[in-house]
Amino acid sequence: MVKRFIAKTKMTKVANTVAGGGIAGLAVAAALAQQGAPVTVHERAPSLRTEGAGLQISPNGARVLMALGLGAQLSEKSIQSQAVVPMDGLTGRPVTRFALSQDAPGFRMMHRGDLLAMLAEACDAAGVEIVTGRTLTPDTAPQSGNLLAADGLHSEFRPLLNGLGKPFFTGQVAWRAVIEGEAAPEACIWMLPGRHVVSYPLPGGKINIVAVQERSEWAEEGWSHADNPAHLMAAFEDAASPLKSLLSQVKSVNLWGLFRHEVAETWAEDNIYLLGDAAHPTLPFLAQGANLALEDAWVLSRCLTGTGDYQQLRQARVRRAIAEANANAVNYHLRGVRRSASHAVLKGIGAIAPDAFLSKLSWLYDHDVTRSAS
């Protein structure tokens, strides 16, 4: 490997160059700049992107936003979720209902563009320089200082530290759409054999929809490929009327193939640091992509300006979260007797132990990287 960067120096005056102006990139830039470190963000798009759809911010991610001084904006730009509701997508009936904690910061539902705008404002207020319309590569990156690679799924810098990876098609595709409409402040998981849909409200009278189908036909990776809404409807033609009615309102939809990428073995070397999807692409089955990116950003900023081993502090936790997401990919799509048994168990848990959902994932949601060393 060619060593391009100077020996590691943890000082606030060392220049920090961020590749990528997404959630991870803007968050780490704001966190560093608020400590007085010089930061420049390079985004390949001609402007910071505000497209996309909805996302869910769980308490572990929300705590980072609050620590960045964005608590008020988060409350203003999001809806607090009251529950997760597993639904039988064939009958349209709820299997059970798991109430979510309403204590601050809570579970929030918002548009990705609003989150990016908030982070961009924090960067601007802290003096971050943002350069758009420029793609950083190993050949064009600065020769000194820290290079923070937040350049996403197809990172230019990950191969420098880990070699070329071999992602594989999971046999699943996903559609993402936003429709007009009102819905209860909760996330519904509509489960069908070999398929599922997640729906939840967004501010401004919108509903976010993510639909996943198992199939052998390959689809291109990435979430910005337009598809015909009729294909989405066909995939769920046997769904219950309430779900079909929801999907029938989709006028514009994007399709992407779900590929599994291994968590990077090496996250930091020669003053190159990976964070967000560049380090650990995450499938959309636990709503943790944005939250893990925010955690990465905070921990890396503290390691660069203080002490601590970034990879050691993050890797095991991220692996556990991704394993949990991968398990959901199976559990949502059960068939036959296994499906019936699973729904019966869920119903029983909801009746006997309604706090079980939060208890099972307390290691994830209760964690606070802004207070702990890990």
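From a predicted model like this one, the values you see are computed outputs, not experimental measurements. Residues: numbered from 1 along the sequence shown.
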Please name the residue in the list Leu160, Thr266, Asn146 that meets the side chain to side chain contact (heavy atoms under 4.5 Å, CB included) test with Ile272.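 Between Ile272 and the candidates, side chain to side chain contact (heavy atoms under 4.5 Å, CB included) is satisfied uniquely by Leu160.
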Any sub-3.5 Å donor-acceptor pair from [X]'s side-chain atoms to [Y]'s backbone N or O?
X      : Y      : answer
Asp227 : Asn254 : no
Glu43  : Leu48  : no
Thr137 : Thr135 : no
Gln82  : Ala99  : no
Asn291 : Gln56  : yes
Thr132 : Pro46  : yes
Tyr200 : Met110 : no
Lys244 : Glu237 : yes
Ser359 : Ala356 : no
Arg63  : His367 : yes

Does Asp88 come within less than 4.0 Å of Lys347, counting only side-chain N to carboxylate O?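 Looking at Asp88 and Lys347, the cut-off is not met.
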If you measure from the Lys or Arg side-chain nitrogens to the Asp or Glu carboxylate oxygens, is any gap between Arg44 and Glu156 under 4.0 Å? no
Euclidean distance, [Y] [atom2] relative to [X] [atom1], rounded to 0.5 Å:
X      : Y      : atom1 : atom2 : value
Leu294 : Leu26  : CG    : CG    : 10.5 Å
Glu295 : Thr370 : CD    : OG1   : 10.0 Å
Gln213 : His231 : CD    : NE2   : 11.0 Å
Cys188 : His196 : SG    : NE2   : 12.5 Å
Leu258 : Thr170 : CG    : OG1   : 4.5 Å
Leu202 : Lys77  : CG    : NZ    : 13.0 Å

Identify the two heavy atoms, one from [X] and one from [Y], that lie closest to each other, and give their separation to 0.1 Å.
X      : Y      : answer
Ile79  : Pro185 : CG2-CB, 4.0 Å
Val197 : Ala211 : CG2-CB, 3.8 Å
Ser252 : Ala177 : O-CB, 3.6 Å
Gly21  : Val41  : CA-CG1, 4.0 Å
Gly92  : Ala240 : N-CB, 3.2 Å
Ala264 : Trp267 : O-NE1, 2.8 Å

Within a radius of less than 6.0 Å around CZ of Arg319, do more than 12 heavy atoms belonging to other residues, nucleotides or ligands occur? yes
What do you reckon, is CD of Gln249 surrounded by more than 12 foreign heavy atoms closer than 6.0 Å?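 It does: Gln249 CD has more than 12 such atoms within range.
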In the structure I gave you, are the side-chain heavy atoms of [X] and [Y] within less than 4.5 Å of one another anywhere?
X      : Y      : answer
His111 : Asn208 : no
Leu119 : Leu70  : yes
Val369 : Asn60  : no
Leu364 : Arg317 : yes
Leu55  : Ile57  : yes
Arg302 : Gln35  : yes
Ser248 : Met233 : yes
Leu358 : Leu100 : yes

Side chains of Asp296 and His280: is there a donor and an acceptor less than 3.5 Å apart? yes
Return yes if a side-chain donor-acceptor contact under 3.5 Å exists between Gln288 and Ser58, otherwise no. yes
Can you get from [X] to [Y] by hopping between Ile, Leu, Val, Met, Phe, Trp and Tyr side chains that sit under 4.5 Å apart?
X      : Y      : result
Met191 : Leu334 : no
Ile130 : Leu68  : yes
Val212 : Val198 : no
Ile349 : Leu286 : yes
Tyr310 : Val263 : yes

Can you tell me how the ring of [X] sits relative to the ring of [Y], calling it parallel under 30°, perpendicular over 60° and tilted otherwise?
X      : Y      : answer
Phe285 : His333 : perpendicular
Phe236 : Trp175 : perpendicular
Phe169 : Phe259 : tilted

Hey, mind stepping through Tyr273 and Leu304 against side-chain contact (heavy atoms from CB on, under 4.5 Å) and telling me if it holds? CA-CA 10 Å; Tyr273 301 84; Leu304 289 174; 3.5 Å; yes
side-chain contact (heavy atoms from CB on, under 4.5 Å) assessment of Ile189 paired with Asn328: CA-CA 11 Å; Ile189 305 170; Asn328 282 345; over 6 Å; no
For a side-chain contact (heavy atoms from CB on, under 4.5 Å) check, start with the C-alpha distance between Leu246 and Ile179, then their side-chain angles and the critical distance, and finish with the verdict. CA-CA 9 Å; Leu246 196 67; Ile179 63 173; 3.9 Å; yes
Check step by step if side-chain contact (heavy atoms from CB on, under 4.5 Å) holds for Leu192 and Leu243. CA-CA 11 Å; Leu192 301 89; Leu243 178 54; 3.9 Å; yes
List in chain and number order the residues that pass salt bridge (Lys or Arg N to Asp or Glu O under 4.0 Å) with Glu180, two or more places apart in sequence or in another chain; answer none if no residue qualifies.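 Lys206.
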